[in-house]
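These notes concern the structure reproduced below.
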Amino acid sequence: MKPALSFHIKLQRNDFTLDVKAEIPNGITGIFGPSGHGKTSLLNSIAGIVTPDSGYIHLNEHTLLDTTNSINVKIRKRKVGYVFQDERLFPHYTIKKNLLYGEKNPVQELFDEVVETLQIAHLLNKKPEQCSGGEKQRAAIGRAIISGSKILLMDEPFSALDVNLRREIIPYLNRVHQKFSLPILIVSHDLPDLLSLTDNLLLLKNGQLQGHGKFTDLLDRPENLELMHQSGWYNVMHLSVFAHLESKNMVLLKSNKSNLQIQALTQTIGKNVEVNQQLKVLIKPESIALSKEPVQNISLRNQVEGIMKEVFLKDGLAFCVVDVGENIIVEVTEASRKSMCLEKGQRVYCLFKSVSLKIY
């Protein structure tokens with residue numbers, strides 16, 4: 001399958017050099033890295049706000065930049081939607097006028113689809129100041145789609161939102177991708193925010209591409225672990241509802257590609273989830289304990305068997321990559337690793353509480 005976006009961007013600014021080459025699939029991709037390491041410069045280059053010193057950018061097989069052949073498509077012709085963290089809506093316009101800004105002949109069917117997908121019909125006659133942060137963010141996304149964008153770029157979209165509003169916007173981004181089949185690039189220095197939305201990551205450090213791919217696949221390299229650990233992280237598991245255990249007020253979740261099964265609290269998921277419904281399950285590495293044997297007479301609802309794939313040591317901690325049907329990371333102290341003699345290739349059990357799970 002051909003990538004939706006491919007680029008090789010070289011950009012020199014004072015003492016900072018950005019040199020990144022990647023192919024991005026048609027999906028939601030998170031761009032993660034510390035502040036000041038090139039994430040926004042990458043987005044600005046794709047949008048045409050910044051012109052790279054050399055390189056190329058191809059979007060859906062259309063060339064936006066090719067310095068070798070002196071091609072540099074102007075910003076307004078790139079069909080790149082850019083949503084900034086401050087939304088940048090016109091305060092004196094209604095939401096409807098903001099949505100249609102610059103559109104001389106708007107397509108009514110597209111307008112209606114955007115309004116329905118983002119559920120903003122009740123906002124159309126309001127001014128931005130009358131809307132919540134999440135509502136303004138949805139309006140900004142809608143404006144980008146109506147303008148005919150073929151890709152959506154988002155720079156720190158969650159930074160101005162509180163936790164509840166962040167959870168509100170995430171389902172809409174998934175709906176936008178599914179409805180309009182737009183590739184979406186989201187920049188953030190907050191890894192848990194990105195992982196709640198996508199596990200396809202592009203890791204940037206010092207202007208260089210350090211890793212690119214599925215989160216679970218990136219765990220095999222210690223330099224990736226070190227970079228991601230600095231932000232706080234979550235394990236990400238893709239599971240589906242297997243059964244409702246009503247007598248226990250629990251829901252049994254199962255992987256579609258392995259024998260992995262876990263139990264989650266009904267109130268964490270909601271009573272309306274259906275059997276076979278796909279869910280994303282997140283858990284912090286430090287919320288998981290390890291045992292070499294199944295533990296009897298314990299209140300923990302989940303004991304998941306796996307094989308130790310790797311052990312990385314840093315600052316008195318041991319990061320254990322365990323294959324439980326997919327890779328998960330478990331954080332224990334180096335003292336615990338030594339006392340348990342944890343090594344690569346061993347069979348272990350990952351123990352965790354149902355209340356430790358975040359589910360989307």
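All values derive from a computational prediction rather than experimental measurement.
- Judged purely by atom type and a 3.5 angstrom limit, His244 uses its side chain to pair as donor or acceptor with the backbone of Val273.
- In this structure, Lys292 contributes its side chain and Met340 its backbone to a donor-acceptor pair below 3.5 Å.
- Closest of all the heavy-atom pairs between Pro157 and Val187 is CD-O, 3.6 Å.
- Counting heavy atoms from C-beta on, the side chains of Ile288 and Ile328 come closer than 4.5 Å.
- For the pair Tyr82/Asn44, a side-chain contact is recorded, criterion being any heavy-atom separation below 4.5 Å from C-beta on.
- Between the Asn98 side chain and the Leu89 main chain, no donor and acceptor come within less than 3.5 Å of each other.
- The distance from atom CD of Gln263 to atom CE of Met250, rounded to the nearest 0.5 Å, is 4.5 Å.
- For Gln267, the CD atom sits in a packed shell: over 12 heavy atoms of surrounding residues, nucleotides or ligands are nearer than 6.0 Å.
- Enclosure of atom NZ in Lys10 is not indicated, since only 12 or fewer non-hydrogen atoms of other residues, nucleotides or ligands lie within 6.0 angstrom.
- The nearest pair of heavy atoms linking Ala264 to Leu253 is CB-CD1, 4.1 Å.
- Not one N or O on the side chain of Ser149 forms a donor-acceptor pair closer than 3.5 Å with the backbone of Leu152.
- Contact record, Leu195 with Tyr234: CD1-O, 3.2 Å, taken as the closest heavy-atom pair.
- Between the side chain of Lys214 and the main chain of Asp199, no donor-acceptor pair closer than 3.5 Å is present.
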Please step through side-chain hydrogen bond (donor to acceptor under 3.5 Å, both in side chains) for the pair Asn200 and Thr29, ending with a clear verdict.
CA-CA 5 Å; Asn200 189 40; Thr29 299; 2.9 Å; yes
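- Residue Leu99 is grouped with residue Leu110 when hydrophobic side chains (ILVMFWY) are merged at heavy-atom distances under 4.5 angstrom, including chains of intermediate members.
- No continuous path of ILVMFWY side-chain contacts below 4.5 Å connects Val281 to Leu252, so the two sit in separate hydrophobic clusters.
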Determine, stepwise, if the pair Leu351 / Ile298 fulfils side chain to side chain contact (heavy atoms under 4.5 Å, CB included).
CA-CA 10 Å; Leu351 286 62; Ile298 190 171; 4.2 Å; yes
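- Partner Leu239 forms a side chain to side chain contact (heavy atoms under 4.5 Å, CB included) with one of Ile262, Val251, Leu279, Leu357 and no other, that one being Ile262.
- Considering only heavy atoms from C-beta on, Leu18 comes within 4.5 Å of Ser41 through its side chain.
- Pairing each heavy atom of Ser255 with each of Glu326, the nearest pair is OG-OE2, 4.4 Å.
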Verdict with supporting geometry, Glu223 and Arg221, salt bridge (charged side-chain N to carboxylate O under 4.0 Å, His left out)
CA-CA 6 Å; Glu223 59 267 31; Arg221 298 176 59 189; 2.5 Å; yes
Passes side chain to side chain contact (heavy atoms under 4.5 Å, CB included), Lys314 versus Leu225? Steps please.
CA-CA 10 Å; Lys314 183 173 177 59; Leu225 287 177; over 6 Å; no
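- Taken together through direct or relayed side-chain contacts under 4.5 Å among Ile, Leu, Val, Met, Phe, Trp and Tyr, Leu204 and Met228 form parts of separate hydrophobic clusters.
- Counting heavy atoms of neighbouring residues, nucleotides and ligands inside a 6.0 Å radius, atom NZ of Lys284 does not exceed 12 of them.
- Atom CD of Glu113 sits about 10.0 Å away from atom CD1 of Ile145, to the nearest 0.5 Å.
- Atom CD of Glu246 has 12 or fewer neighbouring heavy atoms from other residues, nucleotides or ligands inside a 6.0 Å radius.
- Around atom CD of Gln119, more than 12 heavy atoms belonging to other residues, nucleotides or ligands sit under 6.0 Å away.
- For Thr117 (side chain) and Val176 (main-chain N/O), no donor-acceptor pair under 3.5 Å exists by modelled atom type.
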For Asn256 and Gln278: C-alpha separation, side-chain torsions, deciding distance, then whether side-chain hydrogen bond (donor to acceptor under 3.5 Å, both in side chains) applies.
CA-CA 9 Å; Asn256 292 326; Gln278 300 292 313; 3.3 Å; yes
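- In this structure Arg175 satisfies the side-chain hydrogen bond (donor to acceptor under 3.5 Å, both in side chains) test with no other residue, sequence neighbours excluded.
- Within 6.0 Å of OH on Tyr101 lie no more than 12 heavy atoms contributed by other residues, nucleotides or ligands.
- Between the CZ atom of Phe312 and the CG atom of Leu317 there is a distance of 14.0 Å, given to the nearest 0.5 Å.
- Taking 4.5 Å as the limit, some side-chain heavy atom of Glu156 sits within range of a side-chain heavy atom of Lys39.
- Here the closest non-hydrogen pair linking Asn276 and Ser240 is O-CB, 3.9 Å.
- A distance-only check finds no donor-acceptor pair linking the side chain of Arg337 to the backbone of Val332 [under 3.5 Å].
- A side-chain hydrogen bond (donor to acceptor under 3.5 Å, both in side chains) check over residues 53-69, counting only residues at least two apart or in different chains, returns the pairs Lys2-Glu61, His58-Thr63, Asp66-Asn69.
- For CG of Asp112, the number of neighbouring non-hydrogen atoms (other residues, nucleotides, ligands) closer than 6.0 Å is greater than 12.
- Under the 4.5 Å side-chain heavy-atom criterion for Ile, Leu, Val, Met, Phe, Trp and Tyr, Leu42 and Val83 are members of distinct hydrophobic clusters.
- Although no hydrogens or angles enter the test, the distance criterion places a donor-acceptor pair under 3.5 Å between the side chain of His37 and the main chain of Asn206.
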Give the C-alpha distance, both sets of side-chain angles, the deciding distance and a yes or no for side chain to side chain contact (heavy atoms under 4.5 Å, CB included) between His177 and Asn26.
CA-CA 9 Å; His177 168 64; Asn26 183 11; 3.6 Å; yes
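- The CG atom of Leu202 sits 5.0 Å away from the CD1 atom of Ile24 when rounded to the nearest 0.5 Å.
- Side-chain contact between Phe7 and Leu65 is absent, with no heavy atoms from C-beta onward closer than 4.5 Å.
- Applying the 6.0 Å contact sphere to CZ of Phe180 captures more than 12 heavy atoms from other residues, nucleotides or ligands.
- Within the 3.5 Å criterion, the main-chain N or O of Cys341 finds a donor-acceptor partner in the side chain of Gln346.
- The NZ atom of Lys97 lies 13.0 Å from the CG atom of Leu124; values are rounded to the nearest 0.5 Å.
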Check against side chain to side chain contact (heavy atoms under 4.5 Å, CB included), Phe352 and Val304
CA-CA 9 Å; Phe352 52 90; Val304 179; 3.9 Å; yes
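- Using cut-offs of 30° and 60° on the angle between ring planes, the pair Phe90 and His92 is perpendicular.
- Under the 4.5 Å side-chain contact rule for hydrophobic residues, Leu182 and Leu43 do not share a cluster.
- Checked options Gln12, Gln208, His8; the residue passing with Asp19 is His8 (criterion: side-chain hydrogen bond (donor to acceptor under 3.5 Å, both in side chains)).
- The CG atom of Leu185 lies 4.5 Å from the CD1 atom of Ile31; values are rounded to the nearest 0.5 Å.
- Across all their heavy atoms, Leu123 and Cys131 have their closest contact at CD2-SG, 4.1 Å.
- Of the possible donor and acceptor atoms, none in the side chain of Ser354 sits under 3.5 Å from a partner among the backbone N and O of Arg301.
- Contact annotation: the side chain of Leu191 approaches that of Leu201 to within less than 4.5 Å [non-hydrogen atoms, C-beta and beyond].
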